[in-house]
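Before any comments, here is the structure.
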Amino acid sequence: MADNTTMEKIVALCKRRGFIFQSSEIYGGIGGFWDYGPLGVELKRNIKEAWWRDMVAGHDDTQAPPNAPSAYAMVGLDTSIIMHPQVWKASGHYDQFYDLFVDCRTCKARFRADQLGEYPCPRKPSRRAGEGEDCDLTEPREFNLMFKTYVGALIDPTAEAYLRPETAQGIFVNFKNVLSTTRVKIPFGIAQIGKSFRNEITPRNFTFRSREFEQMEIEFFCSPEESEDWYSYWRDRRLDWYTSLGLRSDNLRLREHEPAERAHYSCGTADIEYAFPFLPEGEFGELEGVSHRGDFDLRSHMEGKLIRDGDELVVELDEEGKPRYPGSGKDLSYFDEATKRKFIPHVIEPSAGADRTALAFLCEAYDEDAIPDEKGTLQERVVLRLHPRIAPIKVAVFPLVKKDGMPEIAASIYRELKKRWNVFYDEKGSIGRRYRRQDESGTPFCITVDSQTLADDTVTLRDRDTTKQERVRIDDLDGVIGERLTAN
RNA sequence: GCGGGAGUAGCUCAAUGGUAGAGCACUGGCCUUCCAAGCCAGUGAUGCGGGUUCGAUUCCCGUCUUCCGCUCCA
């Protein structure tokens, strides 16, 4: 990230080069929704594929990774966005996401309607809210952070359902299915990538707080005794993942939550945070939360919605003493054959935002430098120094000039490399202009066919970050580029 | 949700109650042998809706989007 990087420049580049557009722009736009353009979709796919490769598909079940307490298995899921409404009631989301609020037009304060009598009036603390002479309260208004929809064509309260506000619940409700179909044993993880929806009151800061967003979540199930060790492992493992893809450590940090900051069910939470340019100096924004959730989730889906009672989590009861929001009643505990012991697994949840990650990579990669033009005068350049693994285009192929058979040779190189990578061909305009365009797109390598190619079958291979060129035999390109793309 | 600012071409800006201009970018042609070159030509805009007016991009109202500050925040 350049020192003078601003969100304005990032947003402008994203639009200019086709990374990210505002949703429904030709109709005036819609707040909190974003579209990924031709380059953006490649970037985001690369991020998701890197995550899936590194966490799931490439995971070795047979031996412990560095610093892991033991070997473990990883499997994936792709669950539905709309689920049984009871899922969200048992999980606690329904209550936490739904509130009636009243606003005071005089003092601009907002109060929960069900707790109105408990608030002092901000202007006259001796009286309660709404009871001062100048108080001017609105009617109670519904705030629901979950998007509501109807299943089936009939609009009826019994058909109400919600777009999921997180992908995690799809994993918990499939816990038994995974156990009974895959032969995995604890400890193991279930991973999922998918869209989630939250009706944010104030979407802001480009894609950082969107109403529709994509999560990359792992629910890792382990024994209560080992859960602390696994929590530490995942916290550090996930932080390393971001640095391995190019986020600089001084823009990235791991922050353990204070006990008071944690959700009521959490035994420990750490955020992986990035110093986004839209934040004040020294402040960080969340990319991923790694949470030790204890047995809260599986218990909720067994017994019903849980609330805290002192040190205990207990099922919330209604007036008749029955569970207010019953769980499934299914037994989600785990029987350990080795120890002949039955327990409800504890859960470590590394939950990452794919869109926030993409935005962080874009911010980190954005740079402005100066390189000499043909007269030796320094010219400003905008370059995206994206890690080769996530760069939308890996290689661009150019003929130096549009004659002497150079386009034909360049096109054949393009077609050959296209078999393995996303490659771009361009023969229009000056060579310098073509290099600059690729620099803004984050393309790590450019290949140019020149007159020497005609004599000895070599081309120049230009490095995006240094602009240095070297000559490589056409036959060696596949190997050389493959090596560089996977170098770090 | 509240208060304030802002919306003219892809970008940066101009202008006017009476045919909306420029630079850059983009497209095509010529030229061009390594870092945004040159020449010629071209595409392209007043966020949306309503009102006032003979006529509104301009004035008024609403709305949407966006920025800043509050508020909220799973």
Side-chain angles (χ1 to χ4, degrees), chain A residues 6-9 11-18 21-33 37 88 91-99 101-112 122 138 141-146 164-166 168-169 196-206 209 211 213 215 263 278 280 286 289 291 351 369-383 398-404 406 427-440 446-454 459-464 466-469 471:
Chain A
T6 62
M7 274 323 278
E8 287 71 30
K9 289 178 180 176
V11 174
L13 175 66
C14 282
K15 178 161 190 193
R16 185 166 72 244
R17 289 297 171 197
F21 308 121
Q22 192 181 16
S23 171
S24 315
E25 192 183 287
I26 62 169
Y27 283 101
I30 177 168
F33 299 94
W88 307 110
S91 71
H93 287 85
Y94 178 82
D95 281 349
Q96 285 175 42
F97 276 66
Y98 179 86
D99 282 306
F101 281 95
V102 296
D103 292 308
C104 178
R105 297 187 185 90
T106 307
C107 64
K108 311 300 184 195
R110 171 172 294 161
F111 312 98
R112 281 181 57 156
T138 62
R141 289 181 288 189
E142 288 185 33
F143 282 74
N144 194 333
L145 283 307
M146 280 200 291
R164 66 181 176 201
E166 63 171 37
Q169 300 304 324
S196 292
F197 305 82
R198 297 183 190 181
N199 220 341
E200 302 289 349
I201 295 171
T202 312
R204 212 167 266 199
N205 293 327
F206 201 28
R209 181 170 290 179
R211 292 186 164 125
F213 57 101
Q215 293 184 297
F278 55 78
E286 181 183 348
S291 182
S351 171
D369 65 2
I371 56 176
D373 65 13
E374 56 189 331
K375 300 188 188 73
T377 313
L378 286 178
Q379 298 288 343
E380 272 194 23
R381 174 177 78 139
V382 171
V383 53
F398 311 139
L400 183 60
V401 290
K402 209 166 27 173
K403 62 182 185 187
D404 299 341
M406 292 182 201
E427 59 179 32
K428 302 286 175 55
S430 75
I431 189 71
R433 183 184 300 271
R434 284 177 270 163
Y435 284 143
R436 296 298 185 86
R437 271 198 284 250
Q438 293 306 312
D439 289 340
E440 279 202 346
C446 292
I447 289 167
T448 300
V449 171
D450 60 13
S451 55
Q452 192 178 329
T453 309
L454 309 177
V459 294
T460 61
L461 182 64
R462 171 189 182 266
D463 180 89
R464 173 196 67 200
T466 63
T467 75
K468 294 282 188 301
Q469 292 175 288
R471 294 209 75 86

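In what follows, chains are A, B, ... by sequence order, proteins preceding strands, each numbered from 1. Please read these numbers as outputs of a predicted model, since none were measured by experiment.
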Spell out yes or no: do the side chain of [X] and the base of [N] have one donor N/O and one acceptor N/O closer than 3.5 Å?
X      : N      : result
A:T460 : B:rC34 : yes
A:R209 : B:rC73 : yes
A:S430 : B:rU32 : no
A:Q469 : B:rC34 : yes

- prompt: Does a side-chain N-to-carboxylate-O contact under 4.0 Å join A:R462 and A:D439?
  reply: yes

field: Carboxylate-amine/guanidinium contact A:R381 A:D369, below 4.0 Å
entry: yes

Donor + acceptor pair across side chains of A:S196, A:Q215 (<3.5 Å): yes

message: In this structure, is the centre-to-centre distance between the rings of A:F197 and A:F213 below 6.0 Å?
response: no

- request: Mind calculating the distance between CZ (A:F278) and P (B:rG69) to the nearest angstrom?
  value: 12 Å

- prompt: How does RNA chain B look in dot-bracket notation if pairs are Watson-Crick or G-U with both distances under 3.5 Å, crossing ones as [ ], other-strand ones as |?
  reply: (((((((..((((....[..)))).(((((.......)))))....(((((..]....))))))))))))....

query: Are any side-chain N or O atoms of A:R17 and backbone N or O atoms of A:E440, one a donor and one an acceptor, separated by less than 3.5 Å?
result: no

statement: Quick tally for nucleotides 38-49 of chain B: nucleotides whose base has a protein heavy atom under 4.0 Å get B, sugar-phosphate-only ones S, the rest -, giving ------------

